[in-house]
There are 2 protein chains.
Amino acid sequence: MSERVVPAAARRRRRPTKEGVVLSEELIVETALRLIEEHGAEALSVRRLGRALGADPSSLYRYFRHTDDLMLAIADELIGRTLRAWRPTGHWRADLRDLGLRMHAGALAHPRAAVLSAHRVTGRTYEIQAVETILGVLRGAGFPDAEAVRVYHAFVDQALAYGALDSANTALPRPARDAEADVWRTTYAGLSAATHPHIAATARHLVASMRGSSYPAALDLLLTAAATRLAEIRAGD
Amino acid sequence: MSERVVPAAARRRRRPTKEGVVLSEELIVETALRLIEEHGAEALSVRRLGRALGADPSSLYRYFRHTDDLMLAIADELIGRTLRAWRPTGHWRADLRDLGLRMHAGALAHPRAAVLSAHRVTGRTYEIQAVETILGVLRGAGFPDAEAVRVYHAFVDQALAYGALDSANTALPRPARDAEADVWRTTYAGLSAATHPHIAATARHLVASMRGSSYPAALDLLLTAAATRLAEIRAGD
DNA sequence: ACCTTATGACAACACCGTTGACCTGTGAAG
DNA sequence: CTTCACAGGTCAACGGTGTTGTCATAAGGT
């Protein structure tokens, strides 16, 4: 049973399922994404996906060796969508800023999928394309190889990490999300100055600040540091 | 069955299990942490935990309403441990750097707990204590309230985001983790210069860099930016 | 038109979290 | 010292999960 999966390119026989659906890698990934968005991350299971597709669950194992493979395919599709929407201008800093914000926005647009896939290295088409593109932007700007890789690594990790963190809140069930928002307004804002002087003194700022994402600030920080480094390099450091 | 859980303080009757173990909230949390450490993240299940404790799995529901409650208790314990192990010296930058690295390391040591709890605001004892402490460090250093909160937000989000991201890999089942490690060495390092010139040119650096975490670098970036801002403020900005 | 075989279906396995019902020893009250 | 309510343990079951070995059949190259 170990080698049941046939690569997409080699597939020929398009045999419909009992319910008349013709399966394909793309259809499965699309359906999985829809399932996650509509019914939550926990709604994604082989059996449910099979039901949603109109196919026996075990049929999916003809396309993906195990659930993890499917997750990677989903992650890659998300990367691809982000990349296709991005329009580089040739100005490395503006382009990377735009891409970072798009990655973050993309994660927020598919919070449940983002949470599940942000930390995976897919090694698939779109991911490879993204790596190649970003490295190209950096090397084109004049970063030496080692430096380009360092910036790339920081940039990508940052976008993924914040994307997942901020998505996670969005992905919480409504009541839990509201409850969390209240914690700052009630629990923290209600602490006594006698026992918690620093929280009490800054409560107003805390409530306001913790509502938003700190990603844009962190991204600009990273890009500024990279720009500074690039200037040093150009000056012949 | 809805209100089976008796608060720890109100517990009186210490009836041993069939195997002679006397259960308690602390013992359960400790055993869960040990289980994660010794047998990997996937080893934590109610049934396995019950077996490890020498108790029926359903007994645990006398102490925690569901698995998520248990996870939060574990997370709280982790925050407590990190905070207790931290020895502030009075130098804000060194202290925050040390704390950030400890938070990150704590997450990596207990990946599953970190992944599940990074995006939750618990409002529990240790979390409040952590907020108060960090704000104290920043205000003590001379950051005005609004600025202190901004730095606090960035600092905490960053530690949590990277902690979760880096943990997530550790939390993967063994085979998936090994597979990911290989992707950089095989898939990426094997790409042709003709089709992927930038990856091919930097493959050596990529393999080396992507192995480690970019958190320490990001942390230093954040602290440097904060120090710069503080200098401006002190200069009477 | 045949034959191979890709691909779908089925049934089964071992695990999971959770719950309702039951049983028993603890520890406080009289 | 005995009594007895009930906290806290156990048991069995439910419906879910991923995964696989086996079988059936229709697609498509010859």
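Excluded from the calculations below are hydrogen atoms, water molecules and symmetry mates; all remaining heavy atoms, backbone and side chain alike, are included. Please read these numbers as outputs of a predicted model, since none were measured by experiment. Letters A, B, ... are given to chains in the order of the sequence lines, protein chains preceding strands, and every chain is numbered from 1.
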>> Does C/dA9 have its OP1 or OP2 closer than 4.0 Å to a side-chain nitrogen or oxygen of A/R15?
In response: no
> Rounding to a whole Å, what distance do you find between A/L49:CG and C/dG8:P?
Replying inline: 13 Å
> How would you label the contact of A/F64 with the nucleic acid (heavy atoms, under 4.0 Å): base, sugar-phosphate, or nothing?
Replying inline: nothing
> What is the distance from CZ of A/R65 to P of D/dG18, rounded to the nearest Å?
Replying inline: 18 Å
> So, is B/T67 near the phosphate of C/dG17, with a side-chain N or O under 4.0 Å from OP1 or OP2?
Replying inline: no
> Do side-chain atoms of A/S209 reach the backbone of A/L206 as a donor and acceptor pair under 3.5 angstrom?
Replying inline: no
>> Side chain of B/R51 only, heavy atoms from C-beta on: which candidate in C/dA21, C/dG8, C/dC16 is closest?
In response: C/dC16
>> Need to verify one output field. Residue with the more 5' nearest nucleotide on DNA chain D, A/H66 or A/P16?
In response: A/H66
> A/L60 has an atom CG; how far is it from atom P of D/dT17, in whole Å?
Replying inline: 13 Å
> Between C/dG17, D/dG18, D/dG9, which nucleotide has the shortest distance from any of its atoms to the side chain of B/L23?
Replying inline: D/dG9
>> Nearest whole Å is fine: how far is C/dT18 P from B/M71 CE?
In response: 12 Å
> D/dG9 P sits how many Å from B/I28 CD1, rounded?
Replying inline: 8 Å
>> Without decimals, in angstroms, what is the distance between A/L53 CG and C/dA9 C1'?
In response: 15 Å
>> I want to verify a distance call: between D/dT10, D/dG18, C/dC10, whose nearest atom is closest to the B/A55 side chain?
In response: D/dT10
>> Please report the distance, rounded to the nearest Å, between CZ in A/R62 and P in D/dG18.
In response: 18 Å
>> Can you see whether A/Y126 engages A/R81 through a side-chain donor-acceptor pair at a distance of less than 3.5 angstrom?
In response: no
> With sugar-phosphate meaning primed atoms plus P, OP1 and OP2, does A/S58 contact a base, only sugar-phosphate, or nothing at under 4.0 Å between heavy atoms?
Replying inline: base
> Do B/Y215 and A/Q158 have side-chain atoms, one donor and one acceptor, less than 3.5 Å apart?
Replying inline: no
>> Is B/K18 close enough to C/dT24 that one of its side-chain N or O atoms is under 4.0 Å from OP1 or OP2 there?
In response: no
> What is the distance from CG of B/D56 to P of D/dA12, rounded to the nearest Å?
Replying inline: 10 Å
> Do B/E30 and B/R34 sit within salt-bridge range, that is, some charged N less than 4.0 Å from a carboxylate O?
Replying inline: no
>> With a 4.0 Å cutoff (strictly under), does any side-chain N or O of B/S45 reach OP1 or OP2 of C/dC16?
In response: yes
> What nucleotide, of D/dT17, D/dA13, D/dT22, holds the atom closest to the side chain of A/R47?
Replying inline: D/dT17
> Which heavy atom in A/A200 sits nearest to a heavy atom in A/L191, and how many Å separate them?
Replying inline: CB-O, 4.0 Å
>> Below the 4.0 Å mark, does C/dT7 have OP1 or OP2 next to a side-chain nitrogen or oxygen of A/S59?
In response: no
>> Check the phosphate of C/dG20 against B/Y61, side-chain N and O only, distance under 4.0 Å to OP1 or OP2. Yes or no?
In response: no
>> To the nearest 0.5 Å, what is the distance between CD on B/E132 and OG1 on A/T202?
In response: 8.0 Å
